[in-house]
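Below you'll find the structure, written out as structure tokens, and then a few comments.
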Amino acid sequence: MDATTPGLLTPDVLDRADVRAALIEHDFAAVFALTKKWGGLSQNRIASACQLTPGKVSTIVSGAQRVTSFEVVCRIADGLGIPGGLLGLAPRPWENTTSQQHNLPDAPGDRPDTDEIPWRPDATVDLATDLTRSDLVMDRRALTRALAGAAVTGAALLDSLEGWLVPAATVPGQRRPGRLGMREVEELETTARAFRQWDHQYGGGLRRKAVLGQLAEVSGALDEHQAPAVTDRLYCVMAQLAGTVATMAWDSGLHRRAQDYYRLALRAAHAGGDVVFGANVLAGIARQMLYRDRADDALQLIHLAQEGARDVIGPRARAMLHTREAWAYAAQGRIAGFHRATAKAAEDLAAAGTDDDEPYWIAYFDEAELAGVTGGRLLDLARADPRRHALQAAAEIRTALASRGAEAGRSHALDRIGLAECQFLAGDIQSAAAETTLAVQAARGTQSGRVRTQLGQLYPYTVGHSASRPVREARDSIRDLLSS
């Protein structure tokens with residue numbers, strides 16, 4: 001059952017005072033017991049409707065386990081047909097839907113995997129045209145289908161990116177003449193830079209179609225035969241725009257579509273001879289793999305980036321790659337490897353010169369970013385061993401917060417959420433509640449789906465502390481934001 005399906009509980013059951021009281025308190029032991037009693041549903045039927053195992057339902061009913069996950073609360077609401085308002089949520093999608101839609105049509109522009117497309121500049125232009133055309137006309141149902149698309153992993157992903165190490169093939173023949181000059185290219189570069197800044201500050205997909213439109217324009221210009229110098233710079237602009245679209249798509253939960261644009265960005269960087277940005281794109285794909293719990297894939301991607309850009313990459317970009325390497329080691333439980341790679345990142349960053357020495361897009365990677373990333377990885381380790389890592393993680397995140405404020409947008413919100421979790425893991429519940437309130441305030445300033453996901457993972461820490469008013473208020477603030 002999905003969120004477009006009317007549920008199982010009838011209005012007369014939902015109108016009962018005891019049912020409503022249990023829902024308001026998120027007392028799902030009582031909710032399930034009352035559902036069995038007044039709704040006539042077995043535990044197996046409840047489990048099936050809510051996408052839980054019968055054993056899970058049994059432990060909830062017995063009181064041995066509480067429902068602490070915001071995602072599970074939403075599944076219960078959708079499975080049993082509980083209006084969002086009764087659980088402190090926004091109205092669920094099915095509340096205004098009278099019939100379920102089956103058999104969603106294929107999303108426009110379904111394409112073969114990009115590993116079937118040769119690493120030629122003209123093929124890259126065709127790929128960009130196909131991707132942007134399909135996304136610019138994507139409707140709500142196609143978006144739903146795209147959200148369900150699974151990212152490619154393992155050998156299928158890694159093999160498709162090996163062409164990055166091979167020189168670009170010559171384009172056969174010529175396309176129609178073009179008249180773009182350097183002034184127009186510089187304007188496009190300025191626009192690409194502004195779009196990238198939008199993504200860093202706000203995240204999410206509110207501006208994604210604006211970037212897609214610009215990417216389509218660049219693709220059209222490259223479909224013509226421009227002067228060689230113009231062509232190379234246009235490919236670099238295409239790479240930067242595609243990379244921005246990729247991070248926006250990923251931030252919105254469109255994992256497979258993000259991968260399509262990361263691959264396009266890598267191919268465009270390859271065609272334009274921008275090896276350093278290509279390494280940055282591979283780092284972006286690696287980050288996506290890390291969020292998908294594919295640490296082995298991520299590590300191989302980082303090594304591919306380091307191998308391909310070894311002779312041209314600057315210290316700031318090299319430091320960034322080392323932090324991704326450290327992240328992969330931490331995810332693998334290789335603590336010594338994590339500390340070694342983090343130390344290399346700090347050493348390279350200390351050797352970095354002014355921002356003019358390296359591309360503008362790596363200027364964000366400074367001491368604050370290093371501290372924030374290191375704190376985040378220590379927080380990953382603290383979830384398994386809080387006594388050993390929680391306080392150190394909090395110290396690194398505080399360093400990041402001291403250097404970059406609310407103007408950092410998404411990064412600031414993620415820092416706030418991470419610090420709140422560190423406090424919960426350290427057992428300082430009152431400080432954790434205060435930090436959670438600040439985290440929610442920061443999250444309201446960004447449209448980032450990643451921020452909302454991290455905030456949802458903070459929610460379980462607030463459950464089970466009903467005697468603490470600050471924690472209750474913090475929990476309510478998370479719930480209000482995530483359900484809006």
Side-chain angles (χ1 to χ4, degrees), residues 26 65-72 290-291 293 295 323 326-327 329-339 341-343 345-346 367-406 408 410-444 450-479 481-482:
H26 281 204
Q65 188 170 358
R66 294 174 58 89
V67 175
T68 60
S69 167
F70 184 80
E71 178 188 355
V72 174
L290 287 162
Y291 271 90
D293 296 324
T323 62
W327 190 344
Y329 287 139
Q332 292 174 331
R334 298 168 61 182
I335 309 300
F338 162 74
H339 286 299
T342 300
E367 287 75 10
E369 180 69 14
L370 177 59
V373 171
T374 302
R377 306 296 67 81
L378 287 166
L379 174 55
D380 292 340
L381 296 172
R383 293 186 185 113
D385 190 353
R387 184 171 298 180
R388 181 178 178 187
H389 300 292
L391 293 179
Q392 187 181 359
E396 292 286 352
I397 295 173
R398 285 195 185 94
T399 298
L401 284 167
S403 301
R404 57 185 183 192
R410 178 175 57 199
S411 294
H412 176 72
L414 291 171
D415 287 341
R416 285 288 180 199
I417 295 168
L419 184 55
E421 186 174 359
C422 287
Q423 300 285 27
F424 276 117
L425 288 169
D428 188 349
I429 304 303
Q430 296 305 309
S431 296
E435 290 294 345
T436 299
T437 300
L438 294 173
V440 172
Q441 291 173 359
R444 291 188 187 280
R450 211 178 335 151
V451 167
R452 286 175 168 253
T453 298
Q454 294 295 100
L455 201 58
Q457 293 175 0
L458 189 61
Y459 183 85
Y461 290 99
T462 66
V463 176
H465 299 285
S466 296
S468 170
R469 180 176 177 180
V471 176
R472 288 201 312 271
E473 292 175 346
R475 180 174 66 240
D476 291 343
S477 69
I478 293 177
R479 191 167 63 196
L481 178 58
L482 294 182

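Along the sequence shown, residues are numbered consecutively beginning with 1.
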Exercise. Please, which pairs that meet side chain to side chain donor-acceptor pair (under 3.5 Å) have at least one residue in residues 432-442, sequence neighbours excluded?
Worked result: Arg416-Glu435
For this session: Return the set of residues passing salt bridge (Lys or Arg N to Asp or Glu O under 4.0 Å) with Arg404 (not counting sequence neighbours), or none when no residue passes.
Result: Glu369, Asp415
Problem set entry | Partners meeting salt bridge (Lys or Arg N to Asp or Glu O under 4.0 Å) with Glu71 (sequence neighbours left out) | Arg75
List, one per line, each side-chain donor-acceptor pair under 3.5 Å for residues 386-403, sequence neighbours excluded.
from: Thr399; atom 1: OG1; to: Ala395; atom 2: O; distance (Å): 3.1
from: Ser403; atom 1: OG; to: Thr399; atom 2: O; distance (Å): 3.2

For this session: Measure from the side-chain N and O atoms of Arg452 to the backbone N and O of Leu481, and report whether any donor-acceptor pair falls under 3.5 Å.
Result: yes
For this session: Just jot down the side-chain contact (heavy atoms from CB on, under 4.5 Å) partners of Ala432, sequence neighbours excluded, or say none.
Result: Gln423, Phe424
Seminar exercise, completed: Taken in chain and number order and not counting sequence neighbours, the residues that satisfy ring-ring contact (aromatic ring centres under 6.0 Å, His included) with Tyr329 are none
Exercise. How long is the gap from CG on Leu419 to CD1 on Ile417, to the nearest 0.5 Å?
Worked result: 11.0 Å
Exercise. Which heavy atom in Leu290 sits nearest to a heavy atom in Ala295, and how many Å separate them?
Worked result: CD2-CA, 4.1 Å
Seminar exercise, completed: Sequence neighbours excluded, the answer for salt bridge (Lys or Arg N to Asp or Glu O under 4.0 Å) partners of Arg334 is none
Problem set entry | Minimum-distance pair of heavy atoms, taken over all atoms of Gln430 and Ser468 | NE2-OG, 3.4 Å
Exercise. Tell me, do Arg479 and Asp476 make a side-chain contact under 4.5 Å, heavy atoms counted?
Worked result: yes
Exercise. Below 4.5 Å, heavy atoms only, C-beta onward: do Tyr459 and Leu455 meet side chain to side chain?
Worked result: no
For this session: Rounded to the nearest 0.5 Å, what's the gap from CG on Leu379 to CG on Leu414? Could you check?
Result: 11.0 Å
Problem set entry | For Gly456 against Pro460, the heavy-atom pair lying closest together | O-CD, 3.3 Å
Seminar exercise, completed: Closest heavy-atom pair, Phe338 versus Ala330, reported as atoms and distance to 0.1 Å, is CD1-CB, 3.9 Å
Exercise. Given the rule in the side chain to side chain contact (heavy atoms under 4.5 Å, CB included) test, do Tyr461 and Ile429 qualify, once you have shown the distances and angles that lead to the verdict?
Worked result: CA-CA 9 Å; Tyr461 290 99; Ile429 304 303; over 6 Å; no
Problem set entry | Glu421: which of Gln454, Gln457, Arg383 passes side chain to side chain donor-acceptor pair (under 3.5 Å) | Arg383
Seminar exercise, completed: Between the CD atom in Glu473 and the OG1 atom in Thr462, the distance rounded to the nearest 0.5 Å is 12.0 Å
Problem set entry | Asp380/Arg377 under side chain to side chain contact (heavy atoms under 4.5 Å, CB included): CA gap, chis, key distance, verdict | CA-CA 5 Å; Asp380 292 340; Arg377 306 296 67 81; 3.0 Å; yes
Exercise. Where the side chain of Thr374 meets the backbone of Ala371, is there a donor-acceptor pair that is under 3.5 Å apart?
Worked result: no
Problem set entry | Under the salt bridge (Lys or Arg N to Asp or Glu O under 4.0 Å) test, residues paired with Asp428 that sit two or more places apart | none
Exercise. In Å, rounded to the nearest 0.5 Å, how long is the span from CD1 of Ile335 to CG of Asp385?
Worked result: 8.5 Å
Exercise. Counting N and O atoms only, with roles assigned by atom type, does the side chain of Ser477 sit under 3.5 Å from a partner on the main chain of Ala474, one being a donor and the other an acceptor?
Worked result: yes
For this session: Locate the shortest heavy-atom distance separating Ala326 from Thr342; write the atom from each residue and the value.
Result: CB-OG1, 3.5 Å
